[in-house]
Structure formats: structure tokens, C-alpha cells
Amino acid sequence: MSLTIATWNINSVRLRIGNVERFLKLRKPDVLCLQETKCPDEFFPHQAFEALGYKHRLIQGMKSYNGVAILSKVPFTATKIHHRCGKEDCRHIEAALDTGNDPILIDNLYIPAGGDIPDPGVNDKFAHKLEFYREMAEWFAERRPKPRMRKGLRRIAVGDLNVAPLEHDVWSHKQLLKIVSHTPMEVELFGNMMAAMDWIDVPRRFVPENEKLYSWWSYRNTDWRKSNRGRRLDHILATPALSSAIRSHHIDVDMRDWEQASDHVPVLATFDV
DNA sequence: ATGTCTTATTGTATAAGA
């Protein structure tokens, strides 16, 4: 079966539920992973998703900040809510998708943005971000399939990881080296997390590393398209067991122009599972 | 880099986070 996964930092699911519905009708992903829902669970707009066939929903939200959700047409065989760095701040949920074959595990992540100053000694938010990356690398390493497991493990991780790892994941590598999201320290920890599970960077399977690729443009630019000072903060990662199943990818850049747009646009990938 | 958007509140202006 064909499986399309989308990830989107929605920056308030209630404010932008109209845009979510429009996106789902347009792209019809099988699974949508949202971050920054900013919505306590009791207020989550379930009916909008139910009406469009997303009958399987795992949500973990809170007041004001953060919040993640997995909305799926595909049933779950298991779900988990994870607490990271000793906090309960709604940043990691996990579901097993019932694809008929081995279930595919999907992690939906909202990694801390990290504040403005890239120094963990003076900026607690940056320290939290680094700690989150270290914890994820360790957690994935513990789940890495043993060499004797020849078929490997089918796992997909998506979300707003708040790091643009490659030179051409930002508009100016040189000018952003000291800007949080592209500092060498963050990029190194991102790399450690990638190595922990041998993750494949799915969009970069299709777009060469010397081409610009972004999923986020700041609200602070008056004309985002003209200045085009973007960053690739939103990611889709897949394990080697899914390597031959990867079919296509798409970043919905034009959605940055939609009425009352999020500052992030959806990233999609299709697998033949 | 600048400077915008969202949420919440000792609220109709301000602060915090991104």
C-alpha cells in the first residue's frame, strides 16, 4: 500500500483549523503529524478530522505552548506518550501504524527552539534543546535493531526538529553560524541523533545537498518570498529498512502564502509499504 | 538579522515564546 506522511508545525491548530482542512482535502495524506497545536486536549477540534476520515488520533496538548498530534486514516496498533528531559511538555508521541505487514512506528517530535543565545551556560532554553537531542540520540540508540535482525526496523521520525543541519538548509550558512538552529553544536548533536538510528534524510534523497531547501520563513520578513531567508527545520527521517520503500517527497512552499499562514509549511513523503 | 505572530492575563495593553 501507498503511505503518505505529512508533518506540519501549525502554530495553533484551533486558529488554523480551516487551513488544516484545506490542506487535507488538497494533499490527502494518510497520516498528518502536527506540532505546536497550542491546545489542551479537551479543546482539540476532533470533529474536523473525524469528518475527513482521520478516525485515529493521538493527541498530547497543553495550554499556550507546544503540543503534538497524530491524525491518521490508518489504524494504530499501539500508542505511546513520552516525557522528555524530566518535563511533561507535550513534545513526543509515538504510534504504530497497522499497514498489514509489520507495523511502522512513527515518532512525532517537537524539539525545543532553544531561545536566542547559543550558550547553554546562560540560556536555559538552549541547554534544554541540547539535552533533548542527547536524550533522543540515546533513546534511538537503545532501539536500534541488532545486526542479527536482518529485515531491520521500519520506523519514521518526523517533526519540527528546530535544527537546519546542512549548509543549504539555511539562506546563508556564514551569517547563521551563531544563530540558534544552525550552530555547529546543534548540528553535531543532530548528527549524533541521525547516527543513532542510521536515519535517512528523506527530502535530501531527492534534492541534492548543494540546492537550497526550506520549510520555515520568519513572520518578521515583510515579503518572505522576496527575501527568501528560509530554513529547513521540519524533517522526515526513515530507517534503512524503509530505504527501498521511499517513493517521493514534497514541501508545500506555496502554502506560506495562504491566508493567516503558519510560519512553517507542510513536508510530505510517500512510501510504498 | 530584523521585527511578527500567538497565547494568556492582576486584560482592551503587555509579556513571553517562537
Side-chain angles (χ1 to χ4, degrees), chain A residues 7-20 23 33-45 48 59-69 84-85 87-92 108-120 122-133 158-165 167-187 190 212 214-235 253 255-267:
Chain A
T7 178
W8 191 10
N9 179 320
I10 192 60
N11 187 15
S12 175
V13 68
R14 283 177 289 179
L15 188 70
R16 277 180 249 287
I17 191 64
N19 279 0
V20 174
F23 167 73
C33 294
L34 295 175
Q35 304 87 36
E36 282 204 270
T37 54
K38 298 187 175 179
C39 181
D41 292 348
E42 59 268 34
F43 302 129
F44 192 85
I59 61 170
Q60 181 71 348
M62 60 188 281
K63 199 156 104 171
S64 299
Y65 309 116
N66 311 339
V68 283
R84 296 272 157 239
C85 305
K87 300 175 189 285
E88 295 194 9
D89 57 356
C90 309
R91 292 177 181 275
H92 182 195
N108 183 13
L109 286 161
Y110 175 53
I111 295 187
D116 287 330
I117 304 165
D119 178 352
V122 299
N123 175 3
D124 291 344
K125 291 179 218 162
F126 193 69
H128 180 207
K129 183 178 197 176
L130 302 184
E131 185 54 34
F132 201 108
Y133 265 99
V158 307
D160 178 0
L161 308 186
N162 268 312
V163 169
E167 276 197 42
H168 294 286
D169 290 337
V170 295
W171 61 278
S172 168
H173 171 63
K174 254 185 142 169
Q175 284 175 262
L176 287 166
L177 275 170
K178 291 179 179 171
I179 302 297
V180 169
S181 75
H182 194 62
T183 64
M185 203 186 310
E186 291 165 87
V187 170
F190 184 97
K212 296 290 185 191
Y214 311 139
S215 65
W216 173 89
W217 293 260
S218 171
Y219 284 124
R220 296 177 189 181
N221 294 309
T222 42
D223 187 338
W224 71 274
R225 202 186 277 277
K226 193 176 166 197
S227 58
N228 199 21
R229 294 180 166 188
R231 302 178 205 169
R232 187 168 69 110
L233 303 178
D234 304 277
H235 297 271
V253 172
M255 286 180 55
R256 187 64 180 76
D257 264 340
W258 282 13
E259 186 98 6
Q260 206 168 27
S262 169
D263 46 353
H264 297 252
V265 296
V267 180

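Residue numbers start from 1 in every chain, and the chains themselves are labelled A, B, ... in the order their sequence lines are given, proteins ahead of strands.
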Measure CZ/A:R229 against P/B:dG3 and give the value in whole Å, please. 10 Å
First of A:R231 and A:Q260 reached from the 5' end of DNA chain B, by closest nucleotide: A:R231
A:D169 side chain to A:R232 main-chain N or O, any donor-acceptor pair under 3.5 Å? no
Which pairs would a plain distance check flag for residues 260-267 of chain A, meaning a side-chain donor or acceptor within less than 3.5 Å of a matching protein atom at least two apart in sequence or in another chain?
unit_1: A:S262; atom_1: OG; unit_2: A:N9; atom_2: O; d: 2.7
unit_1: A:S262; atom_1: OG; unit_2: A:H264; atom_2: N; d: 3.1
unit_1: A:S262; atom_1: OG; unit_2: A:H264; atom_2: O; d: 3.4
unit_1: A:D263; atom_1: OD2; unit_2: A:W216; atom_2: NE1; d: 3.2
unit_1: A:H264; atom_1: ND1; unit_2: A:D234; atom_2: OD1; d: 3.2
unit_1: A:H264; atom_1: ND1; unit_2: A:D234; atom_2: OD2; d: 2.8

Base, sugar-phosphate, or nothing: which does A:R256 touch, judged by heavy atoms less than 4.0 Å apart? nothing
Just to verify, what does A:R84 make a side-chain contact (heavy atoms from CB on, under 4.5 Å) with, not counting sequence neighbours? A:H82, A:H92, A:F132, A:E135, A:M136, A:W139
When rounded to the nearest Å, what value does the distance between P atoms of B:dG17 and B:dT10 take? 16 Å
A:Q35 CD to B:dT6 C1', in whole Å, measures 17 Å
Just how far, in rounded Å, is C1' of B:dA1 from NE2 of A:H173? 17 Å
Rounded C1' spacing from B:dG3 to B:dA16 in Å: 15 Å
Under the rule for salt bridge (Lys or Arg N to Asp or Glu O under 4.0 Å), what residues qualify as partners of A:D223, not counting sequence neighbours? none
For A:W216 and B:dC5, give me the distance from atom CH2 to atom C1', rounded to whole Å. 12 Å
Residues in salt bridge (Lys or Arg N to Asp or Glu O under 4.0 Å) contact with A:R14, at least two apart in sequence or another chain: none
Glycosidic conformation of B:dT10, taking syn as within 90° of 0 and anti otherwise: anti
Gap in Å between the two P atoms, one belonging to B:dT6 and one to B:dT2, rounded: 22 Å
Nucleotide-resolved protein contact map, nucleotides 7-18 of chain B, B/S/- at heavy-atom distance under 4.0 Å: SSS-------SB
Of all residues at least two apart in sequence or in a different chain, which pass the side-chain hydrogen bond (donor to acceptor under 3.5 Å, both in side chains) check with A:H128? none
